[in-house]
2 protein chains.
Amino acid sequence: MGRKRTKSGKIRLAEVAELAGVSPITASRFFRNPEALSVAKRTRVESAAKELGYVPNLAARALASQRTEVIGVLIPSLTNNVFSDVLRGIYDASEGSPYSIQLSNTRYSILQEEKLLRLFLAQKPAGLIVTGIDQTAESRAMLEAADCPIVQIMEIGPDPVDMMIGFSHYDAARAAIAHLFAQGHRKIGFVGARMDPRVQRRLDGYVAAMKDAGLFEQRLVVTTSTPTSVTLGGALFTDLLARAPGIDAVFCANDDLALGVLFECRRRDIAVPEQIAIVGFNDLEFMASAVPTLTSVRTNRYEMGRTSATMLIDAIEGRRPEQPVLDLGFKVIERQSSSSRRADSKPAASGTGAANKMVALPSSHD
Amino acid sequence: MGRKRTKSGKIRLAEVAELAGVSPITASRFFRNPEALSVAKRTRVESAAKELGYVPNLAARALASQRTEVIGVLIPSLTNNVFSDVLRGIYDASEGSPYSIQLSNTRYSILQEEKLLRLFLAQKPAGLIVTGIDQTAESRAMLEAADCPIVQIMEIGPDPVDMMIGFSHYDAARAAIAHLFAQGHRKIGFVGARMDPRVQRRLDGYVAAMKDAGLFEQRLVVTTSTPTSVTLGGALFTDLLARAPGIDAVFCANDDLALGVLFECRRRDIAVPEQIAIVGFNDLEFMASAVPTLTSVRTNRYEMGRTSATMLIDAIEGRRPEQPVLDLGFKVIERQSSSSRRADSKPAASGTGAANKMVALPSSHD
DNA sequence: AGGAACGTTGACAGCGCTACCAGCACAGAC
DNA sequence: GTCTGTGCTGGTAGCGCTGTCAACGTTCCT
């Protein structure tokens with residue numbers, strides 16, 4: 001045996017075919033579409049492959065077939081907890097499929113995104129997952145010309161390139177503010193960092209809600225383009241207090257900021273929620289554990305990642321979804337930090353697609 | 001022009017060569033080793049490539065050259081903040097290099113790791129980054145037989161497969177306990193979750209330090225194999241209080257647990273640090289922002305990722321490091337939660353390799 | 001002047017796999 | 001009995017690139 005192994009000592013398809021007593025092409029078919037073989041040959045090839053420990057050479061396959069089994073994923077950040085949940089969903093969904101994930105970080109730059117897109121597309125990926133709906137015109141054109149399925153994640157918009165899965169950050173922010181209104185709060189500040197397009201839309205939702213109630217004032221809004229952090233939450237809140245001393249609530253564009261605000265309140269002996277209510281965004285795990293527990297807008301990040309990869313793989317394999325745009329909704333999780341009744345964890349408003357699409361976050365975070 | 005483009009409309013190397021008036025092999029060399037060409041041909045090929053917008057076909061290259069430009073990365077978790085920092089470092093270091101990162105999640109299972117390793121190795125990666133030093137015998141054998149550079153990250157041990165970069169979790173835990181001793185604490189509890197090998201070694205360090213001082217008691221240790229979380233920190237601390245009511249300090253195996261303990265203290269009106277001191281591990285960003293600020297053991301996660309990828313790429317390209325094992329050290333960051341003097345943020349003990357190797361964490365977390 | 005040494009270039013032959021098409025056997029329709 | 005269709009199988013011919021080695025021209029030495 002092994003008389004004509006490749007130099008690297010690897011077993012090739014030809015060896016498997018020889019052992020199984022079939023032609024190489026038949027063996028090849030076994031790995032791509034076993035049903036096309038007669039049962040007899042199928043079992044022969046199967047056992048031959050197992051006996052030799054055959055592993056297909058993906059480079060050769062890609063070259064010959066003119067396509068790859070790579071799913072490209074473009075996300076703006078690796079640090080942000082939000083994306084690590086999404087990623088976990090994507091990786092989980094890709095497991096057991098032949099597709100492998102190729103991840104790249106756009107660092108919140110749509111120019112960087114365009115560059116990476118060009119790179120990805122040149123390698124003919126099987127599918128693509130991109131973040132958000134704010135691509136450059138050039139990127140947009142490339143995406144539309146790409147001959148592979150594409151999913152846009154994190155938010156939904158009117159004009160999907162192909163498929164889209166997310167929720168309305170605008171509506172979610174409005175729901176958070178509506179919740180605060182319902183609790184009797186009127187002077188509600190906004191604290192935001194990074195100000196990427198999705199945070200911007202949360203701000204837009206906040207502004208609209210406040211304007212509708214005739215309560216909007218520019219000085220209630222404090223933002224920065226700096227990356228978010230807990231410490232930054234405290235600093236922005238300090239700014240906000242200086243600009244608008246009379247506020248009775250703060251809506252934070254994410255949970256890290258909210259935790260920073262909570263700590264800053266503690267430092268200043270401001271009672272939460274009696275003097276100032278706090279609402280965060282994303283509902284990270286620690287929000288339910290803080291003292292007081294912190295209200296937040298729950299978003300289905302893991303589910304978003306998982307579903308996007310599942311939809312993408314289905315589309316790659318020809319099973320197009322009946323609905324290309326999926327709204328995963330959100331849910332305002334009311335906790336002590338914004339409850340005038342000091343009740344713990346009672347659900348309030350839910351987002352559009354939410355009511356029945358709402359799924360539990362996975363209990364095991366590994 | 002374009003009279004013999006490939007069906008897919010892609011530009012091939014041959015077209016570039018033709019336009020430049022050189023042979024394909026010369027054009028090929030331009031992309032791999034430009035110095036080998038005369039300046040005249042170099043510029044000719046360069047402008048031809050640019051004019052045609054040529055992008056090399058990686059599958060063909062991989063097939064012909066019998067190697068890939070893929071760096072495999074095996075980490076146990078995508079959720080854990082610790083790994084997202086490491087990953088960011090790895091991705092940052094790989095940027096601008098021809099190597100692309102192929103990430104896989106072992107889910108803290110060494111059997112899963114073995115399976116993934118087999119998969120990776122079959123594709124002949126350019127290099128490999130694996131987490132920790134606790135591989136199965138089979139994995140170990142595969143790693144040793146692999147003909148590519150390998151870096152083990154997160155910790156250091158006596159017997160590297162190839163290169164190794166990390167720090168001693170055992171020493172770091174001992175340093176944390178020494179710090180608590182110095183502050184006058186004696187009855188120090190240990191709270192740990194997940195209990196992966198690195199957490200286990202932190203526990204070992206704690207036990208050794210306590211035994212050396214004649215203070216060890218089994219009931220001071222509360223652990224679980226459950227994945228870590230802030231909420232879990234509170235729950236484990238509650239257990240600890242029930243088992244050992246008289247404790248005056250808690251060493252937490254990570255910062256999430258420490259935050260949970262802090263919140264639980266708040267809930268129970270236990271004064272920190274007056275009644276109970278708290279020390280965490282990793283020094284995540286929020287530790288400096290909590291009230292009171294939380295002492296932690298700083299570890300150089302981003303640096304670890306970045307350096308490991310840099311070392312790996314250097315090794316791939318034939319530049320072997322003079323020292324294959326790199327101890328990145330640690331540093332106990334003393335803050336209010338463990339300071340009898342209630343001082344803020346004064347450095348205490350540093351780990352072995354730390355003193356001069358210590359580098360600042362990147363200020364911009366994006 | 002001859003030749004060695006060097007730097008540069010190109011021809012050839014695959015890398016391992018799959019697309020394409022042809023061929024064969026057999027079943028059912030007429 | 002012929003024809004068409006279906007299911008399975010195999011041969012041929014690349015996919016686009018690079019390893020190897022030989023050949024070329026030039027320079028520098030003896």
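Letters A, B, ... are given to chains in the order of the sequence lines, protein chains preceding strands, and every chain is numbered from 1.
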Would you say D:dT9 has OP1 or OP2 under 4.0 Å from some side-chain N or O of A:Ser38? yes
Figure out the CG/P separation between B:Asn57 and C:dC15, and round it to whole Å. 18 Å
Whole Å only: how far is the CG atom of B:Asn33 from the P atom of D:dG19? 11 Å
If the cut-off is 4.0 Å, is B:Gln66 near the phosphate of C:dG16, judged by side-chain N/O to OP1 or OP2? yes
Are B:Arg107 and A:Asp92 within salt-bridge range, i.e. N to O under 4.0 Å? yes
Side chains of B:Thr310 and B:Arg306: any donor to acceptor distance under 3.5 Å? no
So what does B:Arg42 hit on the nucleic acid, given a heavy-atom distance under 4.0 Å: a base, only sugar-phosphate, or nothing? nothing
Over how many whole Å does the gap from B:Arg61 atom CZ to D:dC17 atom C1' extend? 8 Å
Nearest-angstrom distance from the residue atom CZ of A:Arg44 to P of D:dC8: 15 Å
Of the nucleotides D:dT9, C:dG16, C:dG10, which has the atom closest to the A:Thr26 side chain? D:dT9
Where each residue is assigned the nucleotide of DNA chain C containing its nearest heavy atom, which of B:Glu35 and A:Pro56 is assigned the position nearer the 5′ end? B:Glu35
Does a distance-only test, which skips hydrogens and angles, find a donor-acceptor pair under 3.5 Å between the side chain of A:Arg29 and the base of D:dG10? yes
Distance (rounded to the nearest 0.5 Å) between B:Arg301 CZ and B:Leu87 CG: 12.5 Å
Just checking A:Tyr54: base, sugar-phosphate only, or nothing, at a heavy-atom cut-off of under 4.0 Å? sugar-phosphate
Quick one: does B:Leu103's side chain get under 4.5 Å of B:Tyr91's, heavy atoms only? yes
C:dA19 OP1/OP2 closer than 4.0 Å to side-chain N/O of A:Arg67: yes
Show your working on salt bridge (Lys or Arg N to Asp or Glu O under 4.0 Å) between A:Lys50 and A:Glu46 and close with a plain yes or no. CA-CA 6 Å; A:Lys50 179 167 276 178; A:Glu46 184 164 22; 5.7 Å; no
The side chain of B:Ser23 is closest to which nucleotide in this list: D:dG11, C:dA11, C:dG16? C:dA11
Where the side chain of A:Ser65 is concerned, which of C:dT18, D:dG16, C:dG10 is the nearest nucleotide? C:dT18
Taken to the nearest whole Å, CZ/B:Arg32 to C1'/D:dT18 is 5 Å
Distance in angstrom units between A:Leu63 CG and C:dT18 C1', rounded: 10 Å
In whole Å, I'd like the distance from the NZ atom of A:Lys41 to the P atom of D:dG10. 4 Å
So A:Ala36, base contact, sugar-phosphate only, or nothing? Heavy-atom distance under 4.0 Å. sugar-phosphate
Rounded interatomic separation in angstrom, taking CG from B:Leu13 and C1' from D:dG19: 14 Å
